[in-house]
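Chain letters run A, B, ... following the sequence lines, proteins first and then strands; every chain starts at 1. The basis for the numbers below is simple: all heavy atoms, side chains too, and nothing from hydrogens, waters or symmetry mates. A quick note: this is a predicted structure, and the numbers were derived from the prediction, not measured.
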Protein chains: 2
Amino acid sequence: MRPMPGATEGMQVRLSRELIVDAYLRVVEEEGAEAATLRRLGAELGVDPTAVYRHVRDKEEILAAASDRLLAQAAEGYEPTGSWRADLRALALRARGAYLNHPHALLALETSPAALPNGFRLADLVIGCLREAGLPEDEVAPAFEAIEGYVIGTALVDARASEETREEWRRAYTSLPRDRYPNLSAAASQVYRDPDAAFLYGLELMLAALEARAAGRSRAGRARPRDQV
Amino acid sequence: MRPMPGATEGMQVRLSRELIVDAYLRVVEEEGAEAATLRRLGAELGVDPTAVYRHVRDKEEILAAASDRLLAQAAEGYEPTGSWRADLRALALRARGAYLNHPHALLALETSPAALPNGFRLADLVIGCLREAGLPEDEVAPAFEAIEGYVIGTALVDARASEETREEWRRAYTSLPRDRYPNLSAAASQVYRDPDAAFLYGLELMLAALEARAAGRSRAGRARPRDQV
DNA sequence: ACCTGAACACCGTTCAAGT
DNA sequence: ACCTGAACACCGTTCAAGT
């Protein structure tokens with residue numbers, strides 16, 4: 001379809017990083033990440049597939065720019081409640097939501113840092129919760145990294161799985177010989193029923209342990225018996 | 001190089017899934033996962049690139065078969081100590097090692113289950129630890145999933161990062177405006193220093209919380225106050 | 001200054017043909 | 001029964017040419 005003179009004038013906008021990210025997110029949401037090829041983005045933008053190279057260095061940069069927007073959106077409207085534990089849970093769930101919807105884009109951040117003019121908000125808020133909890137200063141960084149790894153990691157894994165593959169895994173566990181795999185056989189039917197519930201269970205484990213460590217510190221002062229974590 | 005009659009006779013072995021997996025792991029260990037193309041595997045095996053299709057359905061099946069071997073190897077020589085907590089830690093570290101070395105192969109398991117004739121051992125042992133801990137029956141499955149997700153997820157993330165990208169992330173955090181990102185700025189210099197230490201910190205959080213839940217249960221009997229995890 | 005379009009250097013995979 | 005080799009349908013990316 002060639003643009004008729006005048007008629008599609010309003011549509012014939014100039015290409016920009018913003019528009020490219022728009023197109024990327026639109027295609028992924030409608031047809032999945034594997035559909036978001038550069039040729040497809042070109043078609044979506046009504047432009048030659050290679051035209052985007054005038055605005056981004058490579059495809060990775062598109063994904064990183066998309067991630068920045070997604071993380072900024074995930075932090076939007078967040079209101080702290082005053083309970084660091086409730087806040088940390090809420091922030092983790094927001095991050096998980098973003099990663100579940102766009103695992104490909106957000107995975108690109110790992111290798112291309114510093115591409116987040118807006119997306120650092122979430123991380124700052126999470127660390128704020130940890131400091132507010134009263135965790136020892138030198139545990140804040142590893143605690144942040146552990147939570148970050150848990151949230152990102154489980155989201156990546158959960159995003160790759162589907163109801164079908166989970167069912168296949170259960171079947172595989174169920175059909176195992178009971179004598180060689182007694183524990184896996186016993187748990188087989190209950191496993192992978194609800195990834196969100198499992199995520200929350202593990203998150204609560206971490207939060208409970210963090211609370212215990214912070215409380216133990218405030219009660220015992222300097223001398224902490226279980227320091228060897 | 002055409003095989004000289006007799007001389008290379010011993011080398012001219014029949015292709016098999018075993019040999020294909022051998023070649024795949026060898027190439028990945030020497031040159032990285034992106035080098036392990038089918039054309040490269042063909043060269044490695046001294047065979048036409050497409051010859052492997054006689055023995056596997058697609059490339060994914062090669063990765064899954066490799067994962068089976070890697071997980072089986074990771075469980076080799078494991079000896080329980082009698083302490084479920086120490087055992088669980090040891091098993092998690094074994095799994096992490098396998099995933100760190102071959103993230104691509106092990107990620108393939110997510111979508112192609114039941115390809116593990118030998119690799120289920122680790123999962124069975126982990127669940128054994130959780131049952132031995134005295135965790136309520138209905139928490140064994142989510143606890144297993146949480147630990148599995150944590151181990152796999154953090155390994156995938158850590159495997160993608162390098163000392164350089166971690167340094168870049170620290171620099172990005174450090175150069176943030178302190179007034180807009182007070183917490184991230186404060187933690188910037190300490191973060192991403194030691195991924196293994198951060199992994200262990202998070203693992204210990206989970207183990208401590210699991211122990212507390214199991215202990216609370218054995219003391220309080222049926223009536224548990226904090227059941228809403 | 002920005003976009004086009006041909007071309008390049010790859011992928012995984014299929015399939016008829018060889019032995 | 002197994003392997004070969006040409007071919008297919010894709011990728012991301014480069015670059016000279018157009019406007």
Side-chain angles (χ1 to χ4, degrees), chain A residues 1-6 8-24 27-28 31-67 104-105 107-108 110-112 115 160, chain B residues 1-5 8-24 27-28 31-67 104-105 107-108 111-112 115 160:
Chain A
M1 264 191 283
R2 294 291 87 208
M4 300 197 306
T8 52
E9 174 107 14
M11 304 275 86
Q12 200 66 359
V13 287
R14 194 69 137 281
L15 210 52
S16 71
R17 281 173 62 105
E18 281 289 293
L19 285 175
I20 294 169
V21 169
D22 287 346
Y24 170 78
V27 169
V28 172
E31 304 170 45
E34 56 292 332
T37 66
L38 290 180
R39 283 167 177 82
R40 180 74 178 77
L41 294 190
E44 188 77 15
L45 291 160
V47 112
D48 189 89
T50 65
V52 299
Y53 281 98
R54 193 128 293 258
H55 301 88
V56 296
R57 198 163 31 86
D58 53 18
K59 192 183 181 183
E60 192 92 343
E61 201 171 300
I62 301 177
L63 305 204
S67 298
H104 280 77
L107 197 52
E110 229 64 49
T111 48
S112 62
R160 286 184 76 90
Chain B
M1 260 191 287
R2 294 291 85 211
M4 299 196 306
T8 52
E9 175 105 17
M11 305 274 86
Q12 200 66 1
V13 287
R14 194 69 135 282
L15 211 51
S16 70
R17 281 173 61 104
E18 281 290 294
L19 285 175
I20 295 169
V21 169
D22 287 347
Y24 169 79
V27 169
V28 172
E31 304 171 45
E34 56 291 335
T37 67
L38 290 180
R39 283 167 177 82
R40 180 75 179 74
L41 294 189
E44 187 77 14
L45 291 160
V47 112
D48 189 90
T50 65
V52 299
Y53 282 97
R54 192 125 299 255
H55 301 87
V56 297
R57 199 162 31 85
D58 52 21
K59 193 183 181 182
E60 192 92 345
E61 199 170 302
I62 301 177
L63 304 205
S67 298
H104 280 77
L107 197 52
T111 47
S112 62
R160 286 183 76 90

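- The interatomic distance linking B:Ile20 (CD1) with D:dC3 (C1') rounds to 12 Å, in whole Å.
- Not counting sequence neighbours, A:Glu110 has no partner by the salt bridge (Lys or Arg N to Asp or Glu O under 4.0 Å) test.
- Not counting sequence neighbours, the partners of A:Glu31 by the salt bridge (Lys or Arg N to Asp or Glu O under 4.0 Å) test are A:Arg40.
- The CG-C1' distance, from B:Asp48 to D:dA1, rounds to 16 Å in whole Å.
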Below 3.5 Å between N/O atoms, which protein atoms pair up with nucleotides 10-16 of chain C? Just atom names and distances, please.
residue : atom : partner : partner atom : Å
C:dC11  : N4   : B:Arg39 : NH2          : 3.4
C:dG12  : OP1  : B:Lys59 : NZ           : 2.8
C:dG12  : OP2  : B:Leu38 : N            : 3.2
C:dG12  : N7   : B:Arg39 : NH1          : 2.9
C:dG12  : O6   : B:Arg39 : NH2          : 3.0
C:dT13  : OP2  : B:Tyr53 : OH           : 2.7
C:dT13  : OP2  : B:Lys59 : N            : 3.0
C:dT13  : O5'  : B:Tyr53 : OH           : 2.9

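- Interatomic distance, NE2 of A:His55 versus CZ of A:Arg14, reported as 7.5 Å (0.5 Å rounding).
- Under the salt bridge (Lys or Arg N to Asp or Glu O under 4.0 Å) criterion, A:Asp48 pairs with no residue at all, not counting sequence neighbours.
- Rounded to the nearest 0.5 Å, atoms CG (A:Leu63) and NE2 (A:His104) are 8.5 Å apart.
- Phosphate proximity of C:dC3 to A:His55: present, with a side-chain N or O under 4.0 Å from OP1 or OP2.
- Rounded to an integer number of Å, the gap from B:Leu45 CG to D:dC3 P is 10 Å.
- In terms of the salt bridge (Lys or Arg N to Asp or Glu O under 4.0 Å) criterion, A:Asp58 has no residue partners (sequence neighbours excluded).
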Worksheet entry | DNA chain D base-pair string [pairs: Watson-Crick or G-U under 3.5 Å; |: paired with another strand] | ||.|||||...|||||.||
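- Checked against side-chain hydrogen bond (donor to acceptor under 3.5 Å, both in side chains), A:Thr111 has the following partners two or more places apart in sequence or in another chain: A:Glu60.
- The side chain to side chain contact (heavy atoms under 4.5 Å, CB included) test applied to B:Val47 returns B:Leu15, B:Leu45, B:Ala51, not counting sequence neighbours.
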